[in-house]
Amino acid sequence: MKKIKQNKFQTKYVFVTGGVVSSIGKGLTAASLGALLQARGFSVTIMKCDPYLNVDPGTMSPFQHGEVYVTEDGAETDLDLGHYERFTQANLTRAHSVSAGQIYDTVISKERRGDYLGGTVQVIPHITDQIKHRILEVGQGHEVALVEIGGTVGDIEGLPFLEAIRQLRSDLGPGHSALIHVTYVPYIKAAGELKSKPTQHSVKELREIGLQPDMLVCRSEYPLDDNFKKKTALFCSVDPKNVVAANDAQTIYEVPLMLHNEGLDSILLETLNLKNKPPVLEGWQKMVRVLKKPNKRVKIALVGKYVDLKESYKSLHEALIHGGIANLSAVDIHYVDSDKLNHKTIKQELKDVTGILVPGGFGLRGVDGKLLAIQFAREHKIPFFGICYGMQLAAIEFARNVCGISKATSREWISAGTENENCVIDIMPEQKNIVDKGGTMRLGAFPCKLIAGSRAFKEYNQKIIFERHRHRYEFNNNYRALFEKRGLTCSGLYESRDLVEILELKSHPWFIGVQFHPEFKSRPLDPHPLFVGFISASLKEQKRQTL
Ligand code: GLN
């Protein structure tokens, strides 16, 4: 194993674990702390350790695991990395998303190569050493590294990660790491009380494996009173001031400010012996003010097939909200199940919607509904934003209904080896031999040249942009000339491979399809230009409709 060099900073590590139940916002807590430390001028990095055995979430169904978040270097990661990038300026890569699957994969490959010289390969020390190595590697060159451990304390598969943290904490020595445990505090209506018992049990579980938290972040619907804090502190051996409330927030972007008001960042600095530099939070405060008191609202339809699990469209949802912030507007997102959209329901479903977005997706199911929504947007001149699959479907809809190619289709819907002349969306020759489904996509950031005079160029106000991809199929250039002639023009190009990245409709107020995923690069403090433009066009459409 490569030795991790000491760097100019003696990196401090903050571990974030979760107890009692899942989905209590561990990721948001970690991301918010990242934001607060950056606001105080510290150089911060942030990573996620996931105890599942998949090597990455790329092959997991969005129904099970929520969205797959793609980093600049093309790693398919957990959606928490999305929170991290939205809340901090950290530049995350595949190194920042560690799964037990990757750890085992590395250790087993080493064993096969004979690296362990005939020794018995075990969870301790081999798996734990590999985990420690990954964590130390990410921390290099930063003052603070935040490390979130996925899952809930008590899960069998999480144990090697917790053991690795235990060892790391003692390797690093006192004052060089902190452990924050995020728990859930239920309110029992009949007793009229907040209950600390689940937190006590969860901390007991941590202690059994040798971990003592320094701070407790208690998720609860009600404020925690002093008595609660004292009692919890006593049972869990922490200082009462280190028991911090995380109440439900009106918007997730308020969480850093709420945790700051609770003093979490100051306590953390104290624990880590770091200088208490004052934070600069004006940007966050201003943004949250707009979110809480917008001066207008706009209704956008998101037509997709994973609408029952909103986590599947997490980054898109957030990017739309960011587009709203830039326009001082709230964005009401109306999730439309494309499977249920047909000629009869469409008018009702898309009533008073002034923007239609068709997101990324895979497979045939729900495609007809999406095509109908695109046609509706095109014909009624409602702002339309097609993302990845959304752009591909916009091309197919255009080919069928405007260019008269009734059999226009995508290679994705045709069984392998079948010849078809109507693939408006096709596979590139080098990708034709799909062997391993997990590894054939165009992934990560690619440069795109914007065509001067186009709407896309106007929105970005830049010649070359870098956007992230996650798809297998591409626009078929054989149709480019015909499309240009009929008005669906290419306004963004990946020049070195001559791939169409953006299509836009000329005779329409705002109709843009992009082959990439702009939602991954939108930030609340720096909303993505295409989402800003889309929401602005939707607000104009709203005005037009009310005239
Ligand atoms: N299914 C399409 C492809 O693989 C689009 C993928 C996506 O929308 N992310 O090309």
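The model shown is predicted, which means the values in this text are computed figures rather than measured ones. Each ligand, and each atom within it, is numbered from 1 in the order the structure gives. The analysis underlying the following values was restricted to heavy atoms, covering all of them including side chains, and did not include hydrogens, waters or symmetry mates.
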| query | Has Ile156 got more than 12 heavy atoms of other residues, nucleotides or ligands less than 6.0 Å from its CD1? | reply | no
| query | With sequence neighbours left out, what residues match Phe446 under ring pair (Phe, Tyr, Trp, His ring centres under 6.0 Å)? | reply | His469, Tyr494
Please tabulate, one line per pair, the protein N or O atoms found under 3.5 Å from any N or O atom of ligand 1, giving the distance to one decimal.
| from | atom 1 | to | atom 2 | distance (Å) |
| --- | --- | --- | --- | --- |
| ligand 1 | 1 (N) | Gly361 | O | 2.9 |
| ligand 1 | 1 (N) | Glu412 | OE1 | 2.6 |
| ligand 1 | 1 (N) | Glu412 | OE2 | 3.1 |
| ligand 1 | 4 (O) | Arg472 | N | 3.0 |
| ligand 1 | 8 (O) | Gly361 | N | 2.9 |
| ligand 1 | 8 (O) | Gly361 | O | 3.4 |
| ligand 1 | 8 (O) | Tyr389 | N | 3.0 |
| ligand 1 | 9 (N) | Arg470 | O | 2.8 |
| ligand 1 | 9 (N) | His517 | NE2 | 3.2 |
| ligand 1 | 10 (O) | Gln392 | NE2 | 3.1 |
| ligand 1 | 10 (O) | Arg472 | N | 3.1 |
| ligand 1 | 10 (O) | Tyr473 | N | 2.9 |

| Does any N or O in the side chain of Asp73 come within less than 3.5 Å of the main-chain N or O of Arg94, such that one atom is a donor and the other an acceptor? | yes
| Do you know the tightest heavy-atom contact between Leu341 and Gly369? | CD2-O, 3.4 Å
| field | Residues in side chain to side chain donor-acceptor pair (under 3.5 Å) contact with Ser315, at least two apart in sequence or another chain | value | Glu67, Arg86
| request: Taking side chain to side chain donor-acceptor pair (under 3.5 Å) as the test, write out the residues that go with His508, two or more places apart. | output: none
